[in-house]
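This report refers to the structure that appears directly beneath it.
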Amino acid sequence: METRAPFVLIGAFVLAAIIAVFGFVYWLNNTGGLGPRTTYHVQFDGSVPGLLVGAAVLFNGIRVGEVTELALSPDHPRRVNATIAVATGTPVRPDNKVGLEFQGLTGVPVIALEGGSLPPSGQMSTLIAEPGAGQSMTQAARDALRKVDAVLSENAEPLKDTIANFKVFSEGLSRNSGKLDGIVAGLEKMTGGGNPAQKITYDLRAPQDFGVPAKALKGLLAIPEPTAVAMLETQRMLFSQAKDYPGFADFLWADSIPKLLQARLLDSFENYDIAHAPLRGVDVGQTDFQLLIDLRRFRIATDEGPAAEIALSARLLDKSGKVIASRLFEQRQKLDQIEPAAAVAAFNDAFGRIAKDVIDWTARAL
């Protein structure tokens, strides 16, 4: 009895293990946490790469069953028939979307069911997969490349002509790049876009070659800012016939014309007699004399040949405000061509002569 006991125990353990395995398999296949299952047929119109018996069946991403059978359709060589078993409570509808999904890094295929709003049908047993449902991303890319290649092959000659025309167009653009830059710059100027053009500033030059003063200035003289019409309150070059002249779009005097004329007249008086040079009208309160300037013209006249014109009237007032002398001054300097450098040189010549005339007349009148 003692010898036989271990064999009985071993046999009972093995038998219990076998029963447990069969029970687990039975539980897995019949309940397995899924409960009763319903079988459906799924029809794929195309290949189902990698799909195997036992692959999962997902409904809205949740596993509800597995593939139980795969077979080719004898009547339609391209068609694949699959049998799936899903939990009976799964809301399978006639309008469910059916397709393949590829999960994980290895791209394991599963059958995916989604959506559906039609009422369930008791007779429904076959689900139709969407066209191309079994197509993987790689296969889709290959098919797309084949289509692109076919299109290119069919349109090889038109594409060749298009490339040739584009080459001709590019060569034309290259030859006319300067004109295009000008057109673009003009458009930017019209629309107010682009970087603003850099302005070029020009100044008047006061005469210096006076030598020894013929007559020294007397008393304390002040020169207020010249009066002028509004048109002269500008830094732009003015023309007797107002229009655009090449080269003057970016032209600027160093200051507004009346202030510039005042500053250079003061410089001219200093160059004539620094010891008795006049002051600006705002620098002192009471002076012995004032030289009032009314600026009449400061422009390029284009009526009878281009010329720089400066015209002004001068009045000399004593301490009481009485006019003791007055005179008109005009100078005209011809221009060989209407361009900024020549214009500034002509204005310097005209201003040099008019400044000397004003200083000589003032010195004699004091």
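Not one N or O on the side chain of Asn155 forms a donor-acceptor pair closer than 3.5 Å with the backbone of Leu159. Between the side chain of Lys97 and the backbone N or O of Ala129, no donor-acceptor pair lies under 3.5 Å. A donor-acceptor pair under 3.5 Å is formed between the side chain of Asn96 and the backbone N or O of Arg93. Here the side chain of Asn271 pairs a donor or acceptor atom with the backbone of Pro207 at under 3.5 angstrom.
Of all non-hydrogen atoms in Lys199 and Ala249, the two that sit nearest each other are NZ-O, 3.3 Å. Scanning both residues, Ala82 and Phe44, for their nearest heavy atoms gives CB-CE1, 4.2 Å. Nearest heavy atom pair, residue Pro258 against residue Ala228, reads CG-CB, 3.9 Å.
By the 4.5 Å side-chain criterion applied to Ile, Leu, Val, Met, Phe, Trp and Tyr, Val110 is assigned to a cluster that also includes Leu58.
Taking a 6.0 Å sphere around CG of Asp244, one finds it holds 12 or fewer heavy atoms contributed by other residues, nucleotides or ligands. In this structure, Arg327 places its CZ atom where more than 12 heavy-atom neighbours from other residues, nucleotides or ligands lie under 6.0 Å away. Within 6.0 Å of CD in Glu304 there are 12 or fewer heavy atoms belonging to other residues, nucleotides or ligands. For CD1 of Ile62, the number of neighbouring non-hydrogen atoms (other residues, nucleotides, ligands) closer than 6.0 Å is 12 at most.
Two residues are said to be in side-chain contact when any heavy atoms from C-beta on lie closer than 4.5 Å; Leu127 and Gln43 fail this criterion. Annotation: side chain of Val57 is not in contact with side chain of Val42 (no heavy-atom distance under 4.5 Å). Asp273 has its side chain out of reach of Phe210: every pair of non-hydrogen atoms, C-beta onward, lies at least 4.5 Å apart. A heavy-atom distance below 4.5 Å is found between the side chains of Ile324 and Phe289. The closest side-chain heavy-atom distance from Gln262 to Ile293 is not below 4.5 Å. For the pair Asn81/His41, no side-chain contact is recorded, criterion being any heavy-atom separation below 4.5 Å from C-beta on. Between Leu221 and Thr287, the closest side-chain pair of non-hydrogen atoms is not below 4.5 Å. Put simply, the side chain of Ser268 reaches to within 4.5 Å of the side chain of Ile359, judged on heavy atoms.
Listed by first and then second residue, the ring pair (Phe, Tyr, Trp, His ring centres under 6.0 Å) pairs involving residues 298-328 are Trp253-Phe298, Phe298-Phe347 (not counting sequence neighbours). Legend: ring pair (Phe, Tyr, Trp, His ring centres under 6.0 Å) pairs involving residues 214-247, not counting sequence neighbours, sorted by first then second residue: Phe239-Tyr245, Phe239-Phe248. Sorted by first and then second residue, the pairs that involve residues 330-345 and meet side-chain hydrogen bond (donor to acceptor under 3.5 Å, both in side chains), not counting sequence neighbours, are Arg297-Glu330, Glu309-Arg332, Gln331-Arg353, Gln331-Asp357, Gln333-Arg353.
Partners of Ala254 under the side-chain contact (heavy atoms from CB on, under 4.5 Å) rule, at least two apart in sequence or in another chain, are Thr201, Asp203, Leu260. Here Phe269 pairs with nothing under the ring-ring contact (aromatic ring centres under 6.0 Å, His included) rule; sequence neighbours left out.
The CD1 atom of Ile128 sits 13.0 Å away from the CG atom of Asp95 when rounded to the nearest 0.5 Å. With rounding to the nearest 0.5 Å, the separation of CG in Leu70 from OG1 in Thr83 is 8.0 Å.
Ring geometry, Phe251 versus Tyr202: the interplanar angle falls under 30°, so the pair is classed parallel (tilted spans 30 to 60°).
The pair Asp209-Lys356 meets the salt-bridge criterion, with a side-chain N (NZ, NE, NH1 or NH2) lying under 4.0 Å from an Asp/Glu carboxylate O.
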